[in-house]
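Notes to accompany the following structure.
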Amino acid sequence: MSPGPEPHPDYAGREIPRRVRLGAFTLTMLTPADLDDDMAAIDESRAELEGIFGVPWPRGLTRAQDRADLERHAAEFIHRIAFAWAIRDAAGAFLGCAYVRPDPGQRGKARVAHWQRTSAAARAPEFAALFHAWVSGPPWPRMEMALLSRP
């Protein structure tokens, strides 16, 4: 059995937390176990989310496609290729997702993004400040970040 893909060179030897507390928010590695919560948040927020990543996602997104996306996110995280978390509040409610996607062709560059469901949009600025501060320090390498966010 193959050990899997090589980590992005910026993250080889680095342990990026699968769970981290950022103020009133908790990030947990995004996995297929988040499918119901993720679909509910996406369904609530489709109009606001469309185009956030430069593609028409989530237009036409099916449950099976979302499960495949969550499986990919989890595998990328485990292999340190890219990182995706569920954003939850203190009560454990699913608010949205956060991502760090290193540039596959370069070192020291990453796309950093997050979105929050429509009903949690008022908390997005608070989360953004905490998340961007966190990815700007340890355990993260120094990187040029392209920041993307929506509510």
Could you please spell out the steps behind the salt bridge (charged side-chain N to carboxylate O under 4.0 Å, His left out) verdict for D69 and R72? CA-CA 5 Å; D69 284 348; R72 177 181 49 81; 3.7 Å; yes
Any idea which heavy atoms bring T31 and L70 closest together, and the distance? O-CD1, 3.6 Å
So CG of L35 and CD of E71: to nearest 0.5 Å the spacing works out to 9.0 Å
Would you call the rings of W134 and F131 parallel, tilted or perpendicular, where under 30° means parallel and over 60° means perpendicular? tilted
Examine distances only and state if a side-chain atom of R19 and a backbone atom of T26 form a donor-acceptor pair shorter than 3.5 Å. no
Is it true that a side-chain atom of R107 and a backbone atom of P9 form a donor plus acceptor pair closer than 3.5 Å? yes
Any donor-acceptor pair under 3.5 Å linking the side chain of S45 with the backbone of E48? no
Give a yes or no answer on whether the side chain of R59 reaches the backbone of E50 with a donor-acceptor pair at less than 3.5 Å. no
Which atom pair, heavy atoms only, marks the closest approach of R67 to P32? NH1-CB, 3.9 Å
Working to the nearest 0.5 Å, report the span between CZ of R46 and CG of L61. 5.5 Å
Of the options F77, F94, W115, which is the one that meets W85 in a ring-ring contact (aromatic ring centres under 6.0 Å, His included)? F77
Kindly work out whether a path of hydrophobic side-chain contacts (I/L/V/M/F/W/Y, heavy atoms less than 4.5 Å apart) joins I81 to Y99. no
Tell me if a side-chain donor or acceptor on E126 pairs with a main-chain N or O of R123 at a distance below 3.5 Å. no
Nearest heavy-atom neighbours spanning V20 and P17: CB-CB, 4.3 Å
Scanning both residues in full, the closest heavy-atom pair of G13 with R80 reads N-NH2, 3.7 Å
So, the side chain of R101 versus the backbone of A113: is there a donor-acceptor pair under 3.5 Å, distance only? no
Work out which heavy atom in G60 is nearest to a heavy atom in Q65; give both atom names and the distance. O-OE1, 3.3 Å
CD1/I87 to CG/L130 distance, rounded to the nearest 0.5 angstrom? 11.0 Å
Partner of R88 under side-chain contact (heavy atoms from CB on, under 4.5 Å), picked from L95, D34, L27, is D34
What distance do T118 atom OG1 and I42 atom CD1 have between them, rounded to the nearest 0.5 Å? 11.5 Å
Any ion pair linking R63 and D36 (charged N to carboxylate O, less than 4.0 Å)? yes
Interatomic spacing from CH2 in W57 to CD1 in I52 - rounded to 0.5 Å: 7.0 Å
Taking every heavy atom of H132 against every heavy atom of V112, the minimum-distance pair comes out as CD2-CG1, 4.1 Å
Using 30° and 60° as the class boundaries, would you call the ring planes of H114 and F127 parallel, tilted or perpendicular? perpendicular
Just to verify, what does Y11 make a ring pair (Phe, Tyr, Trp, His ring centres under 6.0 Å) with, not counting sequence neighbours? H8, F83, W140
